[in-house]
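Reckoned from all heavy atoms, side chains included, excluding hydrogens, waters and symmetry mates. Chain naming here is simple, since letters A, B, ... match the order of the sequence lines and numbering starts at 1 in each.
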Amino acid sequence: MTEVRGPVRVRFAPSPTGFLHVGGARTAIYNDLLRQSAGGAFVLRIEDTDRERSDEAMTHQIQSALQWVGVEWDEGPFLQSERLDRHRARAEELLASGGAYRCFCPPEELDRQRQEAQRRGDAFRYPRTCLRLSEAEVRERLARGEPFAVRCRMPDEPIRFHDLVRGDMEFPPEALDDFVLLRSDGTPTYHLSVVVDDVDMGITHVIRGEDHLSNTPKHIALFRAFGAVVPAFGHLPLILGPDRKRLSKRIGSTAVEEFRAEGFLPQALYNFLALLGWNPGGEREILSRREMIELFSVERLNASAAVFDREKLGWMNAQYLSGLPLAEIRPHLEPFLAEVGLGGGKVDEARLAAALELHRTRARTLRDLAQAVVPYFASQLDYDQALCGKYVDDPKVAEGLGALRERLLALPEWEKGAIEAELRAVAEARGVKAGAIIHPTRMALSGASAGPPLFDLLEVMGQEATARHLERFAACLREEFRTAPTG
RNA sequence: GGCGCAUUCGUCUAGGGGUCCAGGACGCCGCCCUCUCACGGCGGUAACACGGGUUCGAAUCCCGUAUGCGCUACCA
């Protein structure tokens with residue numbers, strides 16, 4: 001019944017007052033999904049009419065964030081601020097046709113009345129004082145140069161519409177206020193601008209945040225006043241923080257850019273956000289944009305608010321990190337490699353690729369992954385003395401590692417099967433279990449007590465670096481760790 | 001205050017009158033795999049906000065209540 005077919009024209013209309021918020025990104029994603037699955041066009045429009053709060057740099061930020069996360073638009077970006085004359089002209093038309101009227105009431109007076117009404121517990125609507133002004137009086141006050149706003153004349157019947165997400169909606173006339181279209185300084189208000197733009201851009205489906213649900217009757221009245229086709233509306237619930245309040249800065253990241261900087265893959269963020277309030281039907285949760293486009297339908301959009309679950313995002317990112325072809329991950333990884341000094345092809349590519357392959361199932365973020373691969377290229381490693389304490393007290397360890405080093409150095413072919421055979425021989429010769437050699441060796445080579453299977457690690461590390469790290473670690477065991485202050 | 005929207009495991013959700021003593025996923029716990037960690041596999045923990053109806057039968061329909069959120073501007 002609410003199924004959407006055929007070409008659509010959707011839009012995403014952020015205000016450039018800050019970075020792209022994940023809530024905004026999700027709205028953009030659903031518009032993207034709808035546009036891609038139904039065909040048509042996605043219009044990007046920047047609602048920068050609030051000069052005070054708008055920032056041109058943010059306009060670029062928002063675009064790059066959208067691009068990064070994988071939302072594609074067909075038209076725009078259009079700047080609403082460049083269309084102000086058009087908005088004003090359309091308000092003039094309404095004035096001429098009777099769809100709007102001039103209001104000379106001083107705002108302070110209206111404020112007073114509003115507070116009064118609130119104190120009584122009543123809903124406040126503009127009392128239409130100026131609607132009853134005679135033409136002569138209007139002319140006279142105009143001639144006197146009295147300031148005026150232009151108000152939309154709202155209908156006296158209820159406004160009904162079918163929300164794509166929430167179903168049938170009805171707003172009684174008592175709830176419909178004659179809202180301002182043009183301020184007394186002649187600038188258009190948000191409601192006017194939005195509707196004029198949506199009409200001019202031929203928008204057929206408005207998918208936006210729940211905060212606009214109560215504004216929709218105003219918009220519908222305007223569409224009708226303009227004699228335009230009223231688009232279909234769908235109102236998305238908000239994204240909540242773990243405290244069940246509107247997702248806020250103080251709980252953690254909220255901007256797409258921040259997730260990018262923390263090392264999340266755009267594919268994962270897109271997937272995660274898409275599933276926060278939409279259910280594709282099956283039980284699979286890891287879905288590519290392609291698959292989601294196939295599966296998308298507005299009927300399966302959820303009407304209730306969802307808590308943003310960082311843990312699950314982390315899990316999803318890990319899934320993409322281990323599942324995506326390495327080639328797809330690499331470009332996103334590059335900045336993080338640079339952060340740890342491994343960027344720009346400075347290190348052996350084959351070794352780097354092999355190391356990444358070994359660690360990708362163990363990382364949650366790109367940052368983790370870049371960090372994990374550092375030991376393979378470090379000339380010298382730092383060891384945590386507390387973790388090495390158990391090896392210091394066992395003289396067999398240093399001796400065993402020395403022996404292992406000799407044998408590995410003598411290996412004609414650097415291959416994990418052969419490496420393993422040597423290590424096991426060393427252990428057996430000393431009457432200890434392989435683990436007694438394996439664990440200190442891992443520590444020696446990676447500076448960590450956990451990581452990939454040791455023989456894989458060794459193979460990737462290479463003969464030269466292995467020997468070097470083994471030698472230094474054994475030396476540390478014998479000398480430094482004993483004399484250095486423990487802590 | 002008024003108007004509106006929402007309410008299934010801690011979280012994301014499936015469910016649209018009987019197939020539900022409620023299914024999947026994240027998290028958590030246990031087991032398996034195993035040189036450690038992770039991946040993976042197997043198992044477990046945990047929910048229909050509350051109260052009234054309607055009905056032979058309600059998580060599913062209706063009405064209240066509670067809670068949360070949104071709007072209530074010559075902000076967007």
Side-chain angles (χ1 to χ4, degrees), chain A residues 13-15 17 47-50 52-54 80 103 105-107 110-111 114 117-125 147-151 163 165-166 169-172 174-177 179-191 193-194 209-218 235 237-238 240 242 244-246 272 275-279 281-286 300 302-316 318-319 322-323 358-364 372 420 423-424 427 433-439 441-443 446 448-455:
Chain A
S15 342
T17 53
E47 311 218 315
D48 58 345
T49 50
D50 187 345
E52 301 279 292
R53 293 194 296 162
S54 292
Q80 202 160 54
C103 171
C105 298
L110 259 20
D111 265 351
R114 188 169 6 248
Q118 213 188 91
R119 210 160 30 77
R120 280 198 314 266
D122 293 338
F124 177 78
R125 297 166 66 204
F148 64 90
V150 173
R151 285 184 186 273
D163 191 279
V165 178
R166 285 150 211 278
M169 226 51 71
E170 177 175 337
F171 292 82
E174 308 87 75
L176 275 20
D177 192 29
F179 62 100
V180 171
L181 257 20
L182 248 30
R183 301 185 186 94
S184 45
D185 65 0
T187 58
T189 60
Y190 164 77
H191 302 298
S193 295
V194 168
E210 186 186 5
D211 43 344
H212 288 295
L213 185 57
S214 311
N215 292 329
T216 304
K218 293 183 180 119
H235 289 93
L238 263 31
L240 271 25
R244 293 222 139 251
K245 297 254 153 60
R246 198 172 185 151
F272 177 73
L275 258 45
L276 201 60
W278 171 63
N279 187 278
E283 284 187 342
R284 286 185 54 214
E285 297 200 313
I286 303 296
R300 296 197 70 93
N302 250 107
S304 56
V307 172
F308 191 90
D309 183 0
R310 227 155 255 289
E311 284 297 324
K312 191 154 184 177
L313 205 214
W315 166 79
M316 204 169 265
Q319 291 291 308
S322 47
L358 239 34
H359 286 272
R360 60 199 299 209
T361 60
R362 272 162 265 261
R364 283 216 129 186
E420 176 165 5
L423 185 139
R424 290 194 186 279
K433 286 202 274 190
I437 303 296
I438 286 174
H439 297 302
T441 302
R442 172 177 289 110
M443 178 56 70
S446 66
S449 55
L454 184 69
F455 307 113

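- Nucleic acid contact for A/Arg300: sugar-phosphate only, since backbone atoms but no base atoms lie under 4.0 Å from a heavy atom of the residue.
- Residue contacts shown for A/Glu285 include a base, since a base heavy atom lies under 4.0 Å away.
- Counting any heavy atom pair closer than 4.0 Å across all strands shown, A/His359 reaches no nucleic acid atom.
- No engagement by A/Gly282 is indicated, since no non-hydrogen atom pair under 4.0 Å with the nucleic acid exists.
- Between A/Thr189 and A/Lys218 the shortest side-chain heavy-atom distance does not fall below 4.5 Å.
- The side chain of A/Gln118 lies closest to B/G1 when the candidates are B/G1, B/C5, B/C12.
- Nearest to the side-chain atoms of A/Asp309 among the listed nucleotides B/G24, B/C5, B/G10 stands B/G10.
- Across the C1' atoms, B/A46 and B/G53 are found 30 Å apart, a figure rounded to whole Å.
- Between A/Arg362 and B/G40 there is no side-chain N or O to OP1 or OP2 distance below 4.0 Å.
- Here the closest heavy-atom approach between residue A/Gly451 and residue A/Arg362 is recorded as O-NH1, 3.7 Å.
- The residue A/Pro452 sits close to a base: some heavy atom pair falls under 4.0 Å.
- Across B/U13, B/G24, B/G70, the shortest atom-to-atom separation from the side chain of A/Leu238 is found for B/G70.
- The side chain of A/Phe455 approaches B/C35 more closely than any other nucleotide in the set B/U36, B/C5, B/C35.
- Counting distance only, with no hydrogens placed and no angle test, the side-chain atoms of A/Ser214 and the base atoms of B/C3 include no donor-acceptor pair under 3.5 Å.
- Heavy atoms of A/Gly451 sit under 4.0 angstrom from at least one base atom.
- Only the C1' atoms considered, B/C50 is 23 Å distant from B/U13, to the nearest whole Å.
- Within the nucleic acid shown, A/Leu276 comes within 4.0 Å of sugar-phosphate atoms alone, with no base atom in reach, counting heavy atoms only.
- The nucleotide whose nearest atom lies closest to any side-chain atom of A/Ser304 is, among B/U7, B/A76, B/C35, B/U7.
- Distances from the side chain of A/Arg424 to the nucleotides B/C35, B/A6, B/A14 place B/C35 closest.
- Heavy atoms of A/Gln319 sit under 4.0 angstrom from primed sugar atoms or phosphate atoms, though from no base atom.
- Here A/Arg114 lies in heavy-atom contact (under 4.0 Å) with sugar-phosphate atoms only.
- In this structure, the side chains of A/His191 and A/His212 stay at 4.5 Å or more apart for every pair of heavy atoms.
- Set against B/C3, B/G10, B/U36, the side chain of A/Ala175 has B/C3 as its closest nucleotide.
- Among the heavy atoms of the strands lying under 4.0 Å from A/Thr49 are primed sugar atoms or P, OP1, OP2 only; no base atom is included.
- A heavy-atom distance below 4.5 Å is not found between the side chains of A/His439 and A/Ser449.
- Panel note: side chain A/Arg125, backbone A/Leu176; a donor-acceptor pair is recorded below 3.5 Å.
- With both ends at atom P, the span from B/A59 to B/G17 equals 13 Å, rounded to whole Å.
- As judged by a 4.0 angstrom heavy-atom cut-off over every strand, A/Ala434 is placed among residues making no nucleic acid contact.
- Which of B/C12, B/A76, B/G2 sits closest to the side chain of A/Thr189 comes down to B/A76.
- Between A/Asn302 and the phosphate of B/A14, there is a side-chain N or O to OP1/OP2 separation shorter than 4.0 Å.
- Counting distance only, with no hydrogens placed and no angle test, the side-chain atoms of A/Arg246 and the base atoms of B/C69 include no donor-acceptor pair under 3.5 Å.
- Looking at A/Phe455 and A/Thr441, their side chains never come closer than 4.5 Å, going by heavy atoms from C-beta outward.
- Backbone-only contact: A/Arg151 has heavy atoms under 4.0 Å from sugar-phosphate atoms and none from a base.
- As judged by a 4.0 angstrom heavy-atom cut-off over every strand, A/Arg125 is placed among residues making no nucleic acid contact.
- Here the nucleotide nearest the side chain of A/Glu210, chosen from B/C5, B/A76, B/U13, is B/C5.
- Counting non-hydrogen atoms under 4.0 angstrom, A/Arg442 reaches a base of the nucleic acid.
- The residue among A/Arg120 and A/Phe148 whose nearest nucleotide of RNA chain B lies closer to the 5′ end is A/Arg120.
- Comparing atom distances between the A/Met169 side chain and each of B/C3, B/C5, B/C35 picks out B/C5 as nearest.
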